[in-house]
Amino acid sequence: MHPESQTKTRPYSCFHHHPDRSDDKNPIPDTGWRGSPPIPSSDGGDSEKDWLSKPPYNWLPARSVSGEDLFKTKYESSCWCGAVRFAFAGDPFDAKYCHCRQCQQLHGAPFQWAVIFPKTSVRILQNTSDALHFFSTTTKNTCHHVPCKVSCEICRAPLFDEGKRTVLAYPSHYGRVPLEFQPSCHIFYGQRIMEVCDGIPKWSGHKDDSELIYKGCDEELRA
């Protein structure tokens, strides 16, 4: 639970809730990407040319007419050894806990916690000894084939998932976890291996596209 989160008390528990995310559907902010395509690797796979020089990797943002930086770094993440570092502009679209079997196996944990940023809000700051490492969950090979998992070759710390349109980053790599990174829900809770009593919605599959197992702290958990 976050020390700055809002608290709601119930007869038997005290839940800490995520910030209001009523504007999750906001358009992608202008962070200075002027290349093509508008969202690199949005078709998935490995067909994107020069992908390493495009978002979310080693790209140079444009400036405004007045010379102001359009990419305004708000957060930075780093792998455990510090060889790989990324900058993030603005706040995430959303954050979630994922209980799917793939996340359980690839993370060696009961579930994955991720914050979701548009690709053009992410850029690499450091890649010492070419430590950036990729694993494709589609081909099951160590290659950049979207969607893929991005980690550090040296310390093996996972950094984020690159999807077709977004980056799903792991909050533990940001140092002190910001309030804005609190999850709005659990997804694939139908595949859970443990119960989590935190008072936020729990979906059997994808958010807004599956059965809502648990609506919130005023409703009891359904089997």
Side-chain angles (χ1 to χ4, degrees), residues 19 21 23-96 113-136 143-155 157-182 184:
R21 297 189 189 276
D23 57 350
D24 286 349
K25 306 300 182 182
N26 277 355
I28 296 175
D30 182 5
T31 55
W33 170 242
R34 297 293 182 266
S36 179
I39 304 176
S41 298
S42 58
D43 291 332
D46 58 2
S47 61
E48 186 71 55
K49 295 181 179 179
D50 302 320
W51 56 267
L52 195 56
S53 60
K54 300 176 181 180
Y57 302 108
N58 191 24
W59 63 286
L60 186 63
R63 293 177 178 269
S64 67
V65 177
S66 61
E68 182 182 9
D69 286 331
L70 291 174
F71 191 102
K72 295 179 172 59
T73 299
K74 186 170 183 179
Y75 309 108
E76 291 186 13
S77 72
S78 171
C79 65
W80 184 83
C81 71
V84 181
R85 294 170 50 240
F86 281 88
F88 295 77
D91 288 319
F93 282 161
D94 200 358
K96 51 82 177 175
W113 177 16
V115 287
I116 305 170
F117 286 89
K119 282 191 181 181
T120 51
S121 291
V122 185
R123 60 189 296 257
I124 198 166
L125 295 176
Q126 181 175 314
N127 184 20
T128 302
S129 301
D130 195 25
L132 208 56
H133 182 268
F134 304 92
F135 175 75
S136 168
C143 60
H144 181 260
H145 187 286
V146 177
C148 63
K149 290 191 170 287
V150 182
S151 61
C152 172
E153 176 74 31
I154 299 172
C155 67
L159 289 162
F160 60 73
D161 293 358
E162 180 189 353
K164 292 181 179 181
R165 302 180 63 84
T166 59
V167 162
L168 284 72
Y170 311 136
S172 56
H173 293 296
Y174 290 81
R176 184 176 182 274
V177 178
L179 177 64
E180 290 78 12
F181 285 14
Q182 289 188 93
S184 66

Are side-chain heavy atoms of R63 and D69 found at a separation under 4.5 Å? yes
May I ask you to check whether over 12 heavy atoms, not counting those of R85, lie within 6.0 Å of atom CZ? yes
Could you give the distance from OG (S121) to CD1 (I116), rounded to the nearest 0.5 Å? 13.0 Å
Got T31 and L70 here, is their nearest side-chain heavy-atom distance under 4.5 Å? no
Can you confirm whether more than 12 heavy atoms, excluding those of W80, are under 6.0 Å from its CH2 atom? no
Closest approach of K74 and G90, non-hydrogen atoms and distance? CB-N, 3.9 Å
Would you say V122 and F88 make side-chain contact, with heavy atoms under 4.5 Å? yes
Main chain of I39, side chain of K164: is a donor-acceptor contact present, judged purely on distance under 3.5 Å? no
Identify the heavy atoms of P118 and I28 that sit nearest to each other, and give their distance. CB-CG2, 3.9 Å
I want to check something: taking the side chain as every heavy atom from C-beta on, are K54 and S41 in contact at a cut-off of under 4.5 Å? no
In Å, rounded to the nearest 0.5 Å, how long is the span from OG of S78 to OH of Y174? 11.5 Å
Check N127, D130, V150 against V84 for a side-chain contact (heavy atoms from CB on, under 4.5 Å) and give me the one that passes. N127
Is there a side-chain contact between T73 and R123 in this structure, where contact means two heavy atoms from C-beta onward sitting under 4.5 Å apart? no
CG-CZ distance between L168 and F160, expressed to the nearest 0.5 angstrom: 10.0 Å
Over all heavy atoms of both residues, which pair between A157 and H173 is shortest? Give the atoms and the distance, please. CB-CE1, 3.8 Å
Assess whether side-chain hydrogen bond (donor to acceptor under 3.5 Å, both in side chains) is satisfied between H144 and E162, documenting all intermediate values. CA-CA 9 Å; H144 181 260; E162 180 189 353; 2.8 Å; yes
Nearest heavy-atom neighbours spanning F86 and L159: CE1-CD1, 4.1 Å
Heavy-atom donor-acceptor pair, H133 side chain to C152 backbone, under 3.5 Å: no
If you look at every heavy atom in S129 and I154, which pair is closest and at what distance? CB-CD1, 4.5 Å
Is it true that a side-chain atom of W113 and a backbone atom of F181 form a donor plus acceptor pair closer than 3.5 Å? yes
Between OG1 of T166 and CZ of F93, what distance do you get to the nearest 0.5 Å? 8.5 Å
Please find the pair of heavy atoms, one from Y170 and one from K149, that lie closest to each other, and give the distance. OH-NZ, 3.4 Å
When rounded to the nearest 0.5 angstrom, what is the spacing between CG in N58 and CG in L125? 9.5 Å
Got S184 and D94 here, is their nearest side-chain heavy-atom distance under 4.5 Å? yes
Any F117 side-chain heavy atom under 4.5 Å of P92 side chain: yes
Euclidean distance, Q126 CD relative to C79 SG, rounded to 0.5 Å: 8.0 Å
Are any non-hydrogen side-chain atoms of P171 and V115 less than 4.5 angstrom apart? yes
Centroid separation under 6.0 Å, is that true for the rings of Y57 and F134? yes
